[in-house]
Amino acid sequence: MAQWVEACSTEAIEQEEVIRFDFGGRTFAIFRSPEDEYFCTDGLCTHEKVHLADGLVMDNTIECPKHDGVFDYKTGEALRMPPCVDLKTYQAKIEDGRVWIEI
Amino acid sequence: MFGLRFERAGMAIVGAGECGTRAAYALREAGYNGPVTLIGDEASLPYERPPLSKPSNRGIEHKLICDTAQLEAAGITYLPGTRVTSLDSARKVISLDKQGHLPYERLLLATGATPRRLTCPGGELTHVLRTLEDAKRLYEMASTGARFAIIGAGLIGMELAACLKKLGIDVTVIDVATRPLGRAVPDVLARRIHERHVEEGVKFRFDAIVEEIDKFGVRLTDKSLVAADVVITAIGVAPNISLAKASGVSTQDGVLVDAFLRTSASDIFAAGDCARLDLGAGKTARYETWRNARVQGEIAARNMAGGAQPITTQPWFWSDQYELGLQVVGLPSRDHVNITRHLVDGAEIVFFLDEHGRLAAAAGLGPGGAIAKDIRLAEMLIDTQVSLDTKLLADPTVSLKSFLKRTQLA
């Protein structure tokens, strides 16, 4: 059953940046786009189990910190090899200056 | 025995490591629709080598680059356990030990490299790490609790030392130099990695010359003995160039290639560990890294398929030892000015600026992936060729992204 979880303050993530968020033994990546929208994906790269929050956010993409893999964090789509598996994405919403994700 | 039968001669790739396999896929991505044959001398499906010296608690990871179904879906004919015995560049055909002859339209040499061996007495008693089989053998011996000596304090030797130490193995690293990691890693970072190993209980013998290996271990020229049950040599690799050489393709510690990865023979390309790249101004370089294998394989494939893309990517590598992650981009040189940026959790980045104040290289060390983002940004800053303010570069509160945005606006 999916549930809404309060993750962090909207200010905890800089524009065009990402943070790691761990909950219930799982790890997620929460993104703030250059347009100030928030997005959430699984926290680990689908290729090598590396934390995506250590990677570089450019526009709507996140680059894996290790292996050059690139994902669209809004859709989860794997844009560049090596990862061939898309990232799972989750709903995110803002309430009273807090970021909530549905996991 | 007869040859593979295709309606037309297609692309042949010799070597099914990271480079060759990436090239096979990149040919398809570039729109090439003729036959693609990928020839590997190992029995396994193509696999990733980096995990072999970075095993986790789960043991060695046999991480496949692709499986049979994926190769089939891409229309790639994979020949495992197959050696190319000769290359006739005039008739454009290669001979295989198992499948007769294979004519080619264009050929990629992605033959990789082979670990160098010690030439001293007993050198044949030592082990190396390059293939999955090598790794299996080493970790089997480690499971018996044997004492290990590693000759060579380069990246492979140091990563291996960290892995073995994690397994509770007694490890001594021996090197002729006075510190580990040679020229590839700046002094200050190499020292930190060294200290981290010492903290874990790895023993080091620097400034040491090996005289002989025997059943007791490694005997040094100062007459001391490093007692060991298993001796590993990790003293670098030699490029696999015999096929190219025998067929008259120009070689010199590598198969010589231009910026488009073309060799001296028409329709023959080379990429990855085996290729020596012409950098212009009489300089050449051969890179032995995972990313170089991928990038060169990719670009060679595009050019084989009719493209004309030169190599412009900066050399980059990473290493994981204990919790520490190291990344280096570009080629640091002694002539560069060093600027250090200290990040949180003891992470640090050393920037290397050329005489015009432009970023030429950057090296970072820190826990996990702490420096990854900044090294990637540094790579992009190197590409911009813009002079950078050294004060701002040293200031961790100034994001590297802001430098990039500034240069893009300018």
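Below, each value reflects all heavy atoms present in this structure, side chains not excepted, and no hydrogens, waters or symmetry copies. Just so we're clear, the structure is a prediction, and the values are computed from it rather than from any experiment.
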> With a 4.5 angstrom heavy-atom cut-off, is it the side chain or the backbone of B:Q327 that approaches chain A, or both, or neither?
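Side chain only.
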> Does A:Q91 have more than 12 heavy atoms from other residues, nucleotides or ligands lying within 6.0 Å of its CD?
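Open: at most 12 neighbouring heavy atoms sit under 6.0 Å from CD of A:Q91.
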> Which pair of non-hydrogen atoms, one from A:K66 and one from B:W316, has the smallest distance, and what is that distance?
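Smallest interatomic distance, heavy atoms only, reads O-CH2, 2.9 Å.
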> Between A:E16 and B:K401, what is the shortest heavy-atom contact and its length?
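Smallest interatomic distance, heavy atoms only, reads O-NZ, 2.7 Å.
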> Below 4.5 Å from any heavy atom of chain A, which atoms of B:D374 appear? Answer side chain, backbone, both or neither.
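For B:D374, neither part sits under 4.5 Å from chain A.
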> Using heavy-atom distances under 4.5 Å, tell me whether A:E14 contacts chain B through its side chain, its backbone, both, or neither.
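Contact with chain B is absent: no heavy atom of A:E14 under 4.5 Å.
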> Does a side-chain heavy-atom distance below 4.5 Å link A:M58 with B:L404?
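Answer yes - side chains close enough.
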> When rounded to the nearest 0.5 angstrom, what is the spacing between CD1 in A:I62 and NZ in B:K373?
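Spacing of CD1 (A:I62) from NZ (B:K373) equals 7.0 Å.
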> Heavy-atom distance under 4.5 Å to chain B: side chain of A:V57, backbone, both or neither?
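Both the backbone and the side chain of A:V57 come within 4.5 Å of chain B.
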